[in-house]
Enquirer: 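Quick one: the structure is below, and I'll ask about it shortly.
Reminder, nothing fancy here: chain letters follow the sequence lines and each chain counts from 1. Note: hydrogens, waters and symmetry copies are ignored here, and every other heavy atom, side chains too, is used.
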Protein chains: 2
Amino acid sequence: MDRTEGFLKLNYKIWIETSTGVNILGEGKWQLLKTIRDTGSLKAAVEKMGYTYRQTWQNLKNIEQRLGFKLIEKSRGGEKGGETVLTAKGERLVAFFDRLYDEIEPRLNEAFENMLTDLNKIVD
Amino acid sequence: MDRTEGFLKLNYKIWIETSTGVNILGEGKWQLLKTIRDTGSLKAAVEKMGYTYRQTWQNLKNIEQRLGFKLIEKSRGGEKGGETVLTAKGERLVAFFDRLYDEIEPRLNEAFENMLTDLNKIVD
DNA sequence: TTTTGGTTATGCAAAAAAAGCATAACGGTG
DNA sequence: CACCGTTATGCTTTTTTTGCATAACCAAAA
């Protein structure tokens, strides 16, 4: 019953799912894929994002299985020990999310801002 | 690697959180509150929504603690065994969500629809 | 005054999910 | 053909979620 928070705000998530409602991927994996693309390594990417390798590896495997195609191409060995790069479809999916957020985010933030004053009137 | 799903779609969630990012409530609790309002009973509401009483009761308690005020007023005993009604602030929060979705949903669905064709081009 | 009945309240056990540790498998390179 | 850094994966531990069981409550009826 003790309210230490100053105010309330609105937030949102957008994601891709199958026609039957099974989650595929959202902002987190989108950022992850971009980091993989930039680093060329799954290990480096998860460390950069603060994720655990074990879980992320499993998540990506599940996503690809649900999609029916690969988002990343992994290889072991070599000078650098191994590497991970995006597939063509992976690249296109990242680009899609880029455009999606460019499209959605500004409008949504504007709408939220308008409603926020009303929201915080309620709690006072 | 077997894709049984026909196509992909976009989905989203909107919710209220504290200034520090602690979740308060989203669509599920919004609907729950409306059902409580309509039935006058927490028990009836959770059954109608397919939720478990135990968890829902705990969730509502947590939400109220985070908000710092009550959303529902509960009483035990009496002819009907007890009842639960929305407080004034609870009513206002429900009304806020009503307006929020009226405002957001149509625009978002339209934007989604435009992008969906692009998305499904990727997977083919 | 006592019983009744349907609701709210909550402890506790069981099941499921997530996190994290440890270690194997790889394979190009020197 | 040994090395090294990465990918791959089993398994244990921890955390979270579910769900069962049962107490507490109290206005009205008996």
Enquirer: Send over the distance from A:L60 CG to D:dA8 C1', rounded to a whole Å.
Expert: 13 Å
Enquirer: Rounded to whole Å, please give me the gap between CG in B:N62 and P in C:dA9.
Expert: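 It is 14 Å, rounded to the nearest whole Å.
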Enquirer: Could you pick out which residue, A:G82 or A:W57, lies toward the 5' side of DNA chain D when each is mapped onto its nearest nucleotide?
Expert: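 Closer to the 5' end of DNA chain D: A:G82.
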Enquirer: Between B:K43 and B:E47, is the closest basic N to carboxylate O distance under 4.0 Å?
Expert: yes
Enquirer: Roughly how many Å is it from NZ in B:K80 to C1' in D:dA28, rounded to a whole number?
Expert: 13 Å
Enquirer: So do the side chains of B:K29 and B:I63 get within less than 4.5 Å of each other, counting heavy atoms only?
Expert: yes
Enquirer: Could you give the CD-to-P distance, from A:Q55 to D:dT12, as a whole number of Å?
Expert: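 In whole Å, D:dT12 P lies 19 Å from A:Q55 CD.
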Enquirer: Taking only Lys NZ, Arg NE, NH1 and NH2, and the carboxylate oxygens of Asp or Glu, determine whether A:K80 and A:E83 approach each other closer than 4.0 Å.
Expert: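 Result for this pair is yes, salt bridge flagged.
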Enquirer: Which nucleotide in the list D:dG19, D:dT18, D:dT7 gets nearest to the side chain of A:K43?
Expert: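 Out of D:dG19, D:dT18, D:dT7, the nucleotide with an atom closest to A:K43's side chain is D:dT7.
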Enquirer: Which one, D:dT6, C:dT10, D:dG10, comes nearest to the side chain of A:R76?
Expert: D:dT6
Enquirer: Can you tell me how far P of D:dG19 sits from OH of B:Y51, to the nearest Å?
Expert: 14 Å
Enquirer: Please determine if a side-chain N or O atom of A:S75 lies less than 4.0 Å away from the OP1 or OP2 oxygen of D:dT7.
Expert: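 Answer no for this pair, as no side-chain N or O of A:S75 is under 4.0 Å from OP1 or OP2.
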Enquirer: Round to a whole Å and report the spacing from CD of B:E83 to P of C:dG6.
Expert: 16 Å
Enquirer: Between A:G78 and A:Y53, name the one whose nearest nucleotide on DNA chain D is closer to the 5' end.
Expert: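 On the 5' side of the pair lies A:G78.
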Enquirer: Out of C:dT8, D:dT7, C:dT10, which has the shortest distance to the side chain of A:S41?
Expert: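 The nucleotide sitting nearest to the side chain is D:dT7.
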Enquirer: B:W30 vs B:Y101 aromatic rings, parallel, tilted or perpendicular, using cut-offs 30° and 60°?
Expert: parallel
Enquirer: Please report, rounded to the nearest Å, how far the C1' atom of D:dT9 is from the NZ atom of A:K74.
Expert: 11 Å
Enquirer: Could you tell me how far apart A:E73 (CD) and D:dA8 (C1') are, to the nearest whole angstrom?
Expert: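 These atoms are roughly 15 Å apart.
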Enquirer: Could you tell me whether the side chains of A:W15 and A:E17 share a donor-acceptor contact shorter than 3.5 Å?
Expert: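 Note: A:W15 and A:E17 side chains meet the donor-acceptor criterion.
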Enquirer: Could you please name the option among D:dT7, C:dT8, D:dG19 that lies closest to any side-chain atom of B:L42?
Expert: C:dT8
